[in-house]
Amino acid sequence: MKPRDAMYIDGQWQKAAGQDTIAVVNPADEQVIGHVPAGTAQDVDAAVRAARDAFPRWARTLPAERAARIAALRDVLVARKDEIAETVTAELGAPPAFSQAVHAGVPVLVAGSYAELAATYSFEEKIGNSTVFLEPVGVVGAITPWNYPLHQIVAKVAPALAAGCTVVLKPAEDTPLTAQLFAEAVDEAGIPAGVFNLVTGLGPVAGQALAGHEGVDLVSFTGSTAVGRKIGATAGAAVKRVALELGGKSANVILPGADLAKAVNVGIANVMGNSGQTCSAWTRMLVHEDQYDEAVATAAAAVTKYTVGDRVGPLVNAKQQARVRGYIEKGVEEGARLVAGGPEAPLDTGYYVAPTVFADVTPDMTVAQEEIFGPVVCILKYADEDEALRVANGTVYGLAGAVWAADEAEAVAFARRMDTGQVDINGGRFNPLAPFGGYKQSGVGRELGPHGLSEYLQTKSLQF
Ligand code: NAP
Ligand code: MG
C-alpha cells in the first residue's frame, strides 16, 4: 500500500473504509498533482481506537525514551528537508526558498525543542504536603490548516508525544501530501504503532467526526474562528478539553522616533511572506500622523520588491483568491486608497493576488477589522499614543503584533497595554520556545515551548 492511497493507522498504511478521494491541486498552475483518500467517520473511529489502545503504554514510557523518539523524528525531518520543501511548494504554492527556510526549517526547530523538553521537563512538583504529578491528557484529536502545513502539525504532535499523549491528525484537505510525508517520518523514527495516526479527509466529515468522538480527550484545532467556535461548542458539550488557535488582525505599531524605514520594510515583509496567509501577520500598520505620508511612500516602494510568481506565491486555492480579491474590492468601496496592487488577478494562471497596500484606512472599515488572509497591508493613522492603543486593541482578535520605538522601554510599556498574545519589540527575533496563542477571539490555549507542553498535561495531586 502506497501512502498516497492510504491512511496511517496503528502503524500501518491502511485502505480507507470508503472509495472517495480528494484531489490535490498545485495553486501555481492549477494542475492536479495527486489524490488522497477522503476519510469518513469509520476511518476516524479506527484511528481513535488505535490511539486509545496505544495510550496506556506510551503514557508509561520514560520521558527520556519519548525524548529519544522525538529526536529521531527531528532527524528524519532534517534528512527529508528537500522533499518536504518541494511538497509544500507543490500543494501550497510557497516559493522554494520560503519552503526551505520556513516550512521545512521551523518544524525541525520545534521538534528539536520538544525532544529537549521531554527529557528535561519536570513532570512532578511538590506543593506543601502534596506531590503533584503532571500526567498526559490522553488521546488528542488534532485538526490543522493548510497555511503552515508541517509547522501546524509538529506544533501539536511534538508536545503531545512529549507529554505522553497519543494523536489522531486530520490535516487540511488542501495540503494532505505534507501530512503523509510527516506520517512516513513518524514511522521511520520508530514511534510505536498507534501513537500517531493520520486520517485525511474533509473538515465537515472527518474533522467533525474527530472533534465529536467520545474517545478523544482533547481537541486541538487551528483554523478559522467560525469552525473553531463550532469545535469549542462540541467539546464543551462533551466536557472535553479544547485548544483553539484562531485568526488574527495584528497591529504593527510604529511610535514616533522609531526607525521608520526599518519598521515599514520589516512590516511589509512580515505580511508578504507566505502570501499573507499567516494568522499572526501584522496586517495593520499604525503610523503617527506626522510620519504618515513618508510611511505610505516607503511601504509603496517596499512592496515593489515582492514580485508575483517569484517572491510572492499564489494563494492556496481559488476560493481564498476570490475571498481576498473581494476584500480588496470592499476596501476600495469603503474609501481606502490603493497605493499598490488591487483586486485584479496579476497572472492568468494560478491563484495569485497582487501585493496590495491600502492607505487612508480608518479603524471601522471592513479591511481594518476582518482577517483577510492574503498579501494585503492596511496603513492607519493616529494622533497620539492613546489613540494608537485604542486602534491596536480595537478588533475582536489579539494574536500577535509589533511595536517600534526609539527607546526599548517605551516600546515595552506600549506592548504591555496591548490585548494580544505575542509582541515583537523593535524587530525581535522568532523564538520557537515562546508561548504562541491569542487573547480574545484569537483563541484558547498556547502552543510551543513549555507552555505548549503543559496544554497536553493534567495534574494529579497526592497528599501526604
Ligand atoms: P478552516 O475551515 O477553519 O480549516 C481548518 C481545519 O479545520 C481544516 O483541517 C478543515 O478541514 C477543518 N474543518 C473545517 N470544517 C470543520 C468542521 N466542521 N469540523 C471539524 N473540522 C473542520 O479554515 P479554511 O477554510 O481552510 O480557511 C478559512 C479562513 O480561516 C482563512 O481565510 C483564514 O482567515 C482562517 N485561517 C486561519 C488560520 C490560522 O492559522 N489561524 C489558518 C487557516 C485559515 P478542510 O481542510 O477539509 O476544510
Ligand atoms: Mg475549510
Side-chain angles (χ1 to χ4, degrees), residues 20-25 27 36-41 44 91-92 106 141-153 155-156 168-179 198-213 216 219-235 242-250 274-281 283 315-327 351 353 366-367 369-376 395-400 421-422 436-438 440-445 447-448:
D20 290 350
T21 61
I22 295 169
V24 186
V25 174
V36 300
T40 58
V44 168
E91 62 183 359
L92 177 68
V106 173
I143 301 175
T144 53
W146 41 262
N147 61 335
Y148 287 89
L150 187 58
H151 169 68
Q152 309 281 19
I153 291 171
K156 297 188 189 308
V168 176
L169 167 69
K170 202 304 279 178
E173 66 186 270
D174 290 299
T175 54
L177 302 179
T178 305
L198 169 68
V199 176
T200 51
L202 301 179
V205 183
Q208 200 162 313
L210 182 59
H213 200 291
V216 169
V219 183
S220 180
F221 169 83
T222 300
S224 63
T225 302
V227 174
R229 193 173 275 133
K230 234 157 90 179
I231 286 175
T234 304
V242 65
L244 305 172
E245 210 60 74
L246 309 177
K249 191 74 190 172
S250 298
N274 217 37
S275 307
Q277 302 168 120
T278 304
C279 44
S280 57
T283 52
L315 298 199
V316 70
N317 58 36
K319 191 176 148 202
Q320 285 301 111
Q321 183 197 32
R323 192 183 135 103
V324 172
R325 290 171 65 189
Y327 271 119
Y351 309 126
V353 171
T366 306
V367 289
Q369 288 294 324
E370 295 184 16
E371 184 175 50
I372 298 175
F373 235 60
V376 182
T395 76
V396 296
Y397 295 113
L399 190 54
Q422 207 172 74
F436 178 81
K440 302 192 286 187
Q441 288 185 31
S442 285
V444 176
E447 291 195 314
L448 304 181

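Values below: all heavy atoms of this structure, side chains included; hydrogens, waters and symmetry mates excluded. Whatever order the structure lists ligands and atoms in, that order sets their numbers, starting from 1.
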Worksheet item: Backbone, side chain, both or neither: what part of T144 comes under 4.0 angstrom of ligand 1, heavy atoms only?
Response: backbone
Worksheet item: Does some non-hydrogen atom of F221 fall short of 4.0 Å from ligand 1?
Response: yes
Worksheet item: Between V227, I22, N147, which one has a non-hydrogen atom sitting closest to atom 15 (N) of ligand 1?
Response: V227
Worksheet item: By number and element, which atoms of ligand 1 are closer than 4.0 Å to a non-hydrogen atom of P145?
Response: 42 (C), 43 (C)
Item to complete: Would you indicate whether the side-chain heavy atoms of V168 and V216 approach each other to under 4.5 Å?
Response: no
Item to complete: Taking all non-hydrogen atoms of both residues into account, name the closest pair between A211 and I231 and its distance.
Response: CB-CG1, 4.2 Å
Discussion item. Evaluate K319 for polar contact with ligand 1, using N/O atom pairs at a separation under 3.5 Å.
Written reply: no
Discussion item. Pairing donors with acceptors under 3.5 angstrom, does anything connect the side chains of K156 and S220?
Written reply: yes
Fill in: Those atoms of ligand 1 less than 4.0 Å from some heavy atom in Q208
18 (N), 19 (N), 20 (C)
Practice prompt. Considering non-hydrogen atoms only, spot the tightest contact between L315 and P27 and give its length.
Written response: O-CB, 3.2 Å
Discussion item. Show me which atoms of ligand 1 lie under 4.0 Å from any heavy atom of A172.
Written reply: 9 (O), 46 (O)
Response to the item:
For W146 and A172 the tightest heavy-atom approach is N-CB, 3.5 Å
Worksheet entry | Close side-chain approach of V227 to F221, heavy-atom, < 4.5 Å | yes
Worksheet, complete the sentence: Among L169, V324, T222, closest by heavy atom to atom 5 (C) of ligand 1 is T222
Worksheet item: Relative to the heavy atoms of W146, which atoms of ligand 1 are at a distance of less than 4.0 Å?
Response: 24 (P), 26 (O), 27 (O)
Fill in: Modelled atom types, side-chain donor and acceptor of Y397 and E371, under 3.5 Å
no
Item to complete: Can you sort out which atoms of ligand 1 are near G207, meaning under 4.0 Å from one of its heavy atoms?
Response: 19 (N), 20 (C), 21 (N)
Discussion item. Please list, in number order, the atoms of ligand 1 under 4.0 Å from a heavy atom of Q320.
Written reply: 28 (C), 31 (C), 32 (O)
Practice prompt. Please work out which of G438, G203, S224 has its closest non-hydrogen atom nearest to atom 14 (C) of ligand 1.
Written response: G203
Worksheet item: E173 to ligand 1: N or O pair under 3.5 Å?
Response: yes
Discussion item. Counting C-beta onward and ignoring hydrogens, is there a side-chain heavy-atom pair between N147 and F373 closer than 4.5 Å?
Written reply: yes
Practice prompt. Output the list of atoms in ligand 1 that are nearer than 4.0 Å to some heavy atom of Q152, sorted by atom number.
Written response: 40 (O)
Practice prompt. Establish, from distance only, whether the side-chain atoms of Y148 and T278 form a donor-acceptor pair under 3.5 Å.
Written response: yes
Fill in: Those atoms of ligand 1 less than 4.0 Å from some heavy atom in K230
18 (N)
Worksheet entry | Any donor-acceptor N or O pair under 3.5 Å, side chains T178, E91 | yes
